[in-house]
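Worksheet for the structure shown next.
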Amino acid sequence: MPELPEVECLARAVREETRGCRFTGVNFLRPDLREPMPVDAIKSALVGANLRSVRRRSKYLLIETDRGTAILHLGMSGQLLSMDSPDPVKTHTHVIFELRRKDSSAAPQNDGGKPKYLHFVDPRRFGRLTAVPAGTDLSTHPWLSKLGPEPLEITADALAEHLWRKSRGRKPAVKPFIMDGAVVVGVGNIYASESLYLAGIRPGRAAGRVTRQEYRILAQAIQTVLGAAIEAGGTSFRDYLHSDGSEGSYALQLNVYGRSGEACRKCLSPVRETRHLNRATYFCGACQK
DNA sequence: CTTTAGGCCTGACGGC
DNA sequence: TGCCGTCAGGCCTAAA
C-alpha cells in the first residue's frame, strides 16, 4: 500500500517520464473514486497546459501545469501506470491522462507526436483526484491544510522536538500518534511499526509517556526507515506497483511488519502482533520497551 | 478540545 | 468447485 516512500518514488518517476510534456487529454472512465471527481476543474487545469512540476506533499501527488494543479491520492490500492495504450488495459482503470512532448511538431522523427498515457488504476477506490486553478494557495486546500510537517524535510532534532511537544498529555498509544497526519505526515501502518522497532519503543506506550530522549531516537528511526524505503523503491506489500509496473523491494528489509510469530532478527523472540485503532501492529516484546 | 468507531471499496484468502 | 465471512487500510465524518 502506498505510503510516503511509495508516493515519493512515484513522483520521481512521473517527473522523469513527463518531462517536457503537455497534457492533451483526460479521459474519465467513471465519475467517482472516494468521492465524485470535479471533471471540469480537472480538465481545465490540465488539458492543453504545459507541465511545470510533479511533487509530493504527504501521500498526495501534486501535478502542476501552467493552468493549475491536479491533486491525486492513491488511497491504499491505487497505481499510476505509464502506458502506451489510450484504452484501459487493467480492470479498475478510472482515469487516463494523455500527454505529448511539447516539441513534437518541431522534431517529428524524434519520438514524434506519439502520446504517453498515465492510467490511474484503483480497485478499492479509496483514491481521490481533484484540481485547483493556477495561483491557488495549496496550503489552504482542504486536503492539505491540516497536515503536519514532512518528516524528511526537517532535521531529526526538529522532528523529535515537534513529536515530544505535540505528545505531551496524550494518553493514546504512540503508534497511532505517529500515524496521525496532523502530527507528522507519511508514516503509515507499515513504517510506523518498523520505526518503533528500530527505536526500541513499544507501540502501545502512551504517546505522552514517551520521553524526549526516546523521541530523538524515534525521529532518527523514522527518517532512517523512510529513507531506506525510498532507496529500495518502496514496499510492494500487496498492491503497490511503480509507474512502470515494477515492484519495490523494501518488503525484503521489513523487520516486524507482517512477520507475526517469526523470529526477531535481533534476538530471535517471536514477533508479536496487536491492534491499535483496528490496525495491525507488529513489535518485538523483548527488544522494544 | 481530544479520542474513537464506522464507513467507504474490492480482492484475496480460509473454512467448509 | 463455490459460497460466505473476514481482513486489508488512508482518510473522512459523526459522535462521545
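We name chains A, B, ... by the order of the sequence lines, and we start the count at 1 in each one.
The distance between atom CD of A:E35 and atom P of C:dC11, rounded to the nearest whole Å, is 12 Å. Atoms CG (A:D122) and C1' (C:dC11) sit 13 Å apart, rounded to a whole Å. Atom NE2 in A:H276 sits roughly 14 Å away from atom C1' in B:dT3 (whole-Å rounding). Whole-Å rounding puts the A:Y282 OH to C:dC7 P distance at 12 Å. Atom NE2 in A:H141 sits roughly 14 Å away from atom P in C:dC11 (whole-Å rounding). Atom CZ in A:R275 sits about 15 Å away from atom C1' in B:dG6, given to the nearest Å. Residue A:K166 contributes atom NZ, which lies 11 Å from atom P of B:dC1 at whole-angstrom precision. To the nearest angstrom, C1' of B:dT4 lies 11 Å from CG of A:N278.
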Reading nucleotides 7-12 of chain B 5' to 3', which nucleotides get B (base under 4.0 Å from a protein heavy atom), which S (sugar-phosphate only), which -? BBBBS-
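With contacts defined as side-chain heavy-atom distances shorter than 4.5 Å, the pair A:L46/A:R67 does not qualify. A:T211 has its side chain out of reach of A:R216: every pair of non-hydrogen atoms, C-beta onward, lies at least 4.5 Å apart. Two residues are said to be in side-chain contact when any heavy atoms from C-beta on lie closer than 4.5 Å; A:P5 and A:Y250 fail this criterion.
Where the helix from B:dT2-C:dA16 to B:dC16-C:dG2 starts and where it ends, the local axes point in directions that differ by 50°; five pairs per end, rounded to 10°.
For A:A41, the side-chain contact (heavy atoms from CB on, under 4.5 Å) partners at least two apart in sequence or on another chain are A:P38. Every residue two or more places apart in sequence or in another chain that forms a side-chain contact (heavy atoms from CB on, under 4.5 Å) with A:R12 is listed here: A:E8, A:R15, A:I230. Applying the side-chain contact (heavy atoms from CB on, under 4.5 Å) rule to A:A199 yields the partners A:I201, A:I217, A:L218, A:A221; only residues at least two apart in sequence or on another chain are considered.
Residue-to-nucleotide proximity on DNA chain C shows that, of A:E273 and A:P142, the 5′-proximal contact is made by A:E273.
Results of the salt bridge (charged side-chain N to carboxylate O under 4.0 Å, His left out) test with A:E214 over A:R209, A:R205, A:R202 single out A:R205 as the only residue that passes.
Taking every heavy atom of residues 54-64 of chain A and every atom of DNA chain C, pairs under 4.0 Å involve A:K59, A:Y60, by number.
Screening residues 131-174 of chain A for ring-ring contact (aromatic ring centres under 6.0 Å, His included), with sequence neighbours left out, gives A:Y60-A:W143, A:H141-A:W143. Sorted by first then second residue, the side-chain hydrogen bond (donor to acceptor under 3.5 Å, both in side chains) pairs that include residues 260-271 of chain A, not counting sequence neighbours, are A:N255-A:R265, A:R259-A:E262, A:S260-A:E273. Within the structure, ring-ring contact (aromatic ring centres under 6.0 Å, His included) pairs that include any residue of residues 261-289 of chain A comprise A:Y257-A:Y282 (at least two apart or interchain). Applying the ring-ring contact (aromatic ring centres under 6.0 Å, His included) test to every pair with at least one member in residues 198-217 of chain A, sequence neighbours left out, gives no pairs at all.
With no hydrogens or angles considered, no side-chain donor-acceptor pair links A:D87 and A:S85 at under 3.5 Å.
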Give me the distances for all protein-to-nucleotides 13-15 of chain C N/O pairs that come in under 3.5 Å?
none

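Follow the hydrophobic side-chain contacts under 4.5 Å out from A:L198 and you never reach A:M179; the two are in separate clusters.
Connectivity analysis of hydrophobic side chains (ILVMFWY, heavy atoms under 4.5 Å, direct or indirect) links A:L277 to nothing; its cluster partners are none.
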